[in-house]
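A short write-up of the structure that comes next.
If you read the sequence from its start, that first residue is 1, and numbering goes on from there. Not measured: the values here are computed from a predicted model.
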Amino acid sequence: MNALNPTVSTVCAGSGHSLKMSWIREGELNLIEKLTANILKAGPMPKHVAFIMDGNRRYARKRQVERQAGHTQGFDKLAETLRWCLNLNILEVTVYAFSIENFKRSKDEVDGLMELAKQKFIKLLEEQENLEKHGVCIRVLGDLTLLPRDLQQHIARAVVATRSHNKCFLNVCFAYTSRHEIANAVREMAWGVEQGQIKSSDVSEALLSQCLYSSNSPNPDLLIRTSGEVRLSDFLLWQTSHSCLVFQSVLWPEYTFWNLCEAILQYQLNYRPLQKARDQHREDQTAQQLEADRACVVDLLQHSGNGKPLDAQRRQEALHHYTASREQRVQDFICALQHKRDSFFTDLNSQAPLN
């Protein structure tokens, strides 16, 4: 996968021009585009779309320009794509901005990318009033401890400044891979058990989902990768298990409204089997959790009982009590985990430079 410049994910919300193009200015589709958008919106529409924005470097080679020029075109294309999403009532977008694997590139290249990212986050903060006016929430998902300290602080300022916004969301996967995210979620659950906040029997697939970086977002309905590559490159592997995956040959800087419409049409054509799979998965999770709760109740009754069998009503009451207790434990743990994560950004923000 191309090294995706981290500023690709932020310029759309960072510079005044790009923000207006993407989230603020409305009604900019031409007549044919508006007609197409209205036709698409008559069918089921994805509410959350994820992009692997691949092809910036190949675009630069194709045009025989500097690599940085390809990344700059990528920035502009994301801003434009977000504007299309807004017009299509897609109010949550997740982008793969910088993979942990990208740190393996040359030191000069990585240092340059970090500096560009810092400048874009600084620029983003110049638009705080517009971000607040239009309710744009910026989330950065990944292991930010891998980043330079000053960049962490600028990211924290952007996250904290938009934390309460809830009209539209841009999730920037930065210093991210899915395997790293899943491993971190496991560590978070282990931390919860060690702290006595949850029991080992509370650990489940559903709880792991709530411990991911993306826990505040619904899973993507549609994932799009450009440039002709047909792999996920360790991006949202857990979250896209029931998503529509669309691989398009166009290079990211050459992406068009019609490419996006084509991907949405693919989603609509596959909507019913996707929805059926999601519904079945939810039913399976519910059944598995019920079975796990019953097993725990049986174990508890065996250890605390006097040898006399309980009637069905008493067993049902015990199950109800155990389930309520487990749900409360999990809720308290998730609140504690969210507080820990919020504090990470808040503490960084308090230490951040003013410019």
Side-chain angles (χ1 to χ4, degrees), residues 44 46-48 92 139 141 163-164 166 169 171 178-221 236-244 271-344 346:
K47 297 179 177 63
H48 180 187
E92 182 146 10
R139 301 184 184 123
L141 315 180
R163 180 182 283 165
S164 62
N166 59 9
F169 303 88
N171 306 312
S178 190
R179 287 174 295 178
H180 193 90
E181 177 184 32
I182 294 168
N184 182 73
V186 173
R187 286 191 293 269
E188 298 287 24
M189 291 188 294
W191 170 76
V193 173
E194 290 170 0
Q195 296 295 312
Q197 296 174 333
I198 55 175
K199 299 180 179 180
S200 59
S201 58
D202 297 334
V203 173
S204 66
E205 179 183 327
L207 181 58
L208 192 149
S209 294
Q210 292 179 282
C211 294
L212 296 172
Y213 298 136
S214 62
S215 58
N216 291 323
S217 296
N219 290 338
D221 301 297
L236 301 181
L237 300 180
W238 184 277
Q239 297 89 334
T240 57
S241 59
H242 297 100
S243 302
C244 180
Y271 175 78
R272 287 192 177 182
L274 286 169
Q275 193 61 42
K276 182 178 180 181
R278 290 179 190 139
D279 292 344
Q280 184 62 55
H281 181 252
R282 280 193 292 268
E283 291 177 10
D284 291 344
Q285 274 195 326
T286 300
Q288 289 169 9
Q289 186 63 67
L290 179 59
E291 186 61 31
D293 286 351
R294 282 175 175 163
C296 288
V297 168
V298 168
D299 187 60
L300 287 172
L301 292 176
Q302 287 178 342
H303 285 82
S304 62
N306 57 9
K308 296 181 179 180
L310 295 177
D311 59 35
Q313 182 178 352
R314 294 279 302 279
R315 288 198 301 271
Q316 189 62 32
E317 289 174 354
L319 177 61
H320 177 76
H321 176 74
Y322 177 84
T323 299
S325 298
R326 174 185 56 76
E327 289 176 349
Q328 187 62 55
R329 283 196 304 273
V330 168
Q331 181 180 349
D332 291 345
F333 165 65
I334 294 301
C335 288
L337 178 57
Q338 187 62 52
H339 177 74
K340 183 173 75 166
R341 291 176 174 177
D342 287 345
S343 296
F344 172 80
T346 301

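Y213 and E181 make their closest contact through N-OE2, 3.1 Å (heavy atoms, listed as atom of the first residue, atom of the second, distance). Heavy atoms only, all atoms of each residue included: D342 and R163 are closest at O-NH2, 3.2 Å. Taking all atoms of both residues into account, the shortest heavy-atom contact from S215 to R341 is OG-NH1, 3.9 Å. The shortest non-hydrogen separation linking Q210 to V330 is OE1-CG1, 3.9 Å. Taking each heavy atom of G192 and F333 in turn, the nearest pair found is CA-CE1, 3.5 Å. Closest non-hydrogen pair, D202 versus L207, comes out as O-CD2, 3.6 Å.
A salt bridge does not link D279 to K276: none of the charged nitrogens lies less than 4.0 Å from a carboxylate oxygen.
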Verdict with supporting geometry, T286 and E283, side chain to side chain contact (heavy atoms under 4.5 Å, CB included): CA-CA 5 Å; T286 300; E283 291 177 10; 5.7 Å; no
Verdict with reasoning, T323 to V297, per side chain to side chain contact (heavy atoms under 4.5 Å, CB included): CA-CA 9 Å; T323 299; V297 168; over 6 Å; no
Test log, rule side-chain hydrogen bond (donor to acceptor under 3.5 Å, both in side chains), inputs D284 and Q288: CA-CA 6 Å; D284 291 344; Q288 289 169 9; 5.6 Å; no
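Atom OG of S217 and atom CD of Q239 lie 9.0 Å apart (nearest 0.5 Å). Remark: I198 CD1 to R329 CZ distance equals 9.0 Å, nearest 0.5 Å. For the atom pair CG (L212) and CD1 (I182), the distance works out to 6.5 Å, reported to the nearest 0.5 Å. Taking NZ from K199 and CZ from R326, the interatomic distance works out to 11.5 Å, rounded to the nearest 0.5 Å. The CD atom of Q338 sits 10.5 Å away from the SG atom of C211 when rounded to the nearest 0.5 Å. Taking OG from S200 and CD from E194, the interatomic distance works out to 12.0 Å, rounded to the nearest 0.5 Å.
For NZ of K47, the number of neighbouring non-hydrogen atoms (other residues, nucleotides, ligands) closer than 6.0 Å is 12 at most. Atom CD of Q316 has 12 or fewer heavy atoms from other residues, nucleotides or ligands within 6.0 Å. Atom NE2 of H320 is surrounded by 12 or fewer heavy atoms from other residues, nucleotides or ligands within 6.0 Å. Atom CD of Q195 has more than 12 neighbouring heavy atoms from other residues, nucleotides or ligands inside a 6.0 Å radius. Applying the 6.0 Å contact sphere to CZ of R282 captures more than 12 heavy atoms from other residues, nucleotides or ligands.
Evaluation of the ring pair (Phe, Tyr, Trp, His ring centres under 6.0 Å) rule for F344 yields no partner, not counting sequence neighbours. Taking H321 as the reference, nothing meets the ring pair (Phe, Tyr, Trp, His ring centres under 6.0 Å) condition, with sequence neighbours excluded.
There is a side-chain donor-acceptor pair under 3.5 Å between W238 and S209. Side-chain contact, Q197 with D332: no donor N or O sits under 3.5 Å from an acceptor N or O.
Applying side chain to side chain contact (heavy atoms under 4.5 Å, CB included) to P220 and the options S214, C244, S243, P46 leaves one that passes, S243.
With hydrogens and angles ignored, the 3.5 Å screen pairs no side-chain donor or acceptor of N219 with any backbone N or O of T240. Judged by distance alone, with hydrogens and angles left aside, the side-chain atoms of R278 form a donor-acceptor pair with the main-chain N or O of H242 at under 3.5 Å.
For R315 and Y322, the positive end is not near the middle of the six-membered ring at less than 6.0 Å and at most 45° from its axis.
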